[in-house]
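These figures come from a predicted structure and were not determined experimentally.
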Amino acid sequence: MAIQRTFSIIKPDATKRNLTGAIVAKFEAAGLRVVASKRIQMTLAQAQTFYGVHKERPFFGELCEFMISEPIVVQVLEGEDAIAKNREVMGATNPAEAAEGTIRKEFALSIGENSVHGSDGEDTAAEEIAYFFSGLELVG
């Protein structure tokens, strides 16, 4: 397996409840390393662009409003098979279906307020990282 980078968001429901450190600790315990991180207040325009793939779906407006409701933490995680590892640590989107010990099982409030986002593939990871981080912000 190769060393990869993936993109992660700690969502508003988690930052509001001061869970950033606990979530990062789960990533690090799984062997992922934070190579870039920043706390931001996403604008509506940023949310609409970032989640543009969902613009025709009925939940698009609600998702965008949620993502701008509180600050978020955007980060780049690095490690062995990082994309799959991140998704494993996050758990299923529906916290009721998430495995014990995963972030969503422990911290998510609902399917919509599920505490974290993670890239689903290499192309998506590259696009999502580039959306929030310049090359100068990514340390090795």
Does [X] reach the side chain of [Y], with side-chain heavy atoms less than 4.5 Å apart?
X: Phe132; Y: Glu137; result: no
X: Gln41; Y: Pro71; result: yes
X: Lys85; Y: Glu80; result: no

For [X] versus [Y], what's the shortest heavy-atom pair and its separation?
X: Thr102; Y: Glu88; answer: CG2-O, 3.5 Å
X: Glu70; Y: Pro12; answer: CB-CB, 3.6 Å
X: Glu128; Y: Ser119; answer: OE1-OG, 2.6 Å
X: Ala36; Y: Phe133; answer: CB-CE2, 3.7 Å
X: Ala82; Y: Thr6; answer: O-CG2, 3.7 Å
X: Ala98; Y: Ala92; answer: CB-N, 3.7 Å

Apply the hydrophobic cluster definition, ILVMFWY joined by side-chain contacts under 4.5 Å directly or through others, and give me every member besides Phe27. Ile10, Leu19, Ile23, Val24, Leu32, Val34, Val73, Leu77, Val89, Met90, Ile103, Phe107, Val116

List, by chain and number, the other hydrophobic cluster members for Ile83, where Ile, Leu, Val, Met, Phe, Trp and Tyr join if side-chain heavy atoms come within less than 4.5 Å, directly or indirectly.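 Hydrophobic cluster check, Ile83: no partners found.
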
Measuring from [X]:[atom1] to [Y]:[atom2], what's the distance to the nearest 0.5 Å?
X: Glu106; Y: Glu100; atom1: CD; atom2: CD; answer: 8.0 Å
X: Gln75; Y: Ile129; atom1: CD; atom2: CD1; answer: 11.0 Å
X: Glu62; Y: Glu65; atom1: CD; atom2: CD; answer: 9.5 Å
X: Lys11; Y: Asn114; atom1: NZ; atom2: CG; answer: 3.5 Å
X: Gln48; Y: Lys55; atom1: CD; atom2: NZ; answer: 10.5 Å
X: Arg39; Y: Ile72; atom1: CZ; atom2: CD1; answer: 10.0 Å

Linked, directly or transitively: [X] and [Y] (ILVMFWY side chains, under 4.5 Å):
X: Met67; Y: Leu109; value: no
X: Met42; Y: Phe66; value: yes
X: Ile40; Y: Ile9; value: yes

Parallel, tilted or perpendicular: rings of His54 and Phe59 (30°, 60°):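 Rings of Phe59 and His54: tilted, 30 to 60°.
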
Parallel, tilted or perpendicular for Tyr131 and Phe50, by the 30°/60° rule? tilted

Would you find more than 12 non-hydrogen atoms of other residues, nucleotides or ligands less than 6.0 Å from Arg57 atom CZ? no

With a sphere of 6.0 Å drawn around NZ of Lys16, does it hold more than 12 non-hydrogen atoms of other residues, nucleotides or ligands? no

Taking the side chain from Gln46 and the backbone from Thr43, do they hold a donor-acceptor pair closer than 3.5 Å? yes

Is it the case that the side chain of Arg87 and the backbone of Gly118 share a donor-acceptor pair, with hydrogens and angles ignored and the cut-off at 3.5 Å? yes

Would Arg17 and Ser115 count as a side-chain contact (heavy atoms from CB on, under 4.5 Å) if you check the C-alpha gap in whole Å, the side-chain angles of each, and the deciding distance to 0.1 Å? CA-CA 10 Å; Arg17 293 179 292 141; Ser115 300; 3.5 Å; yes

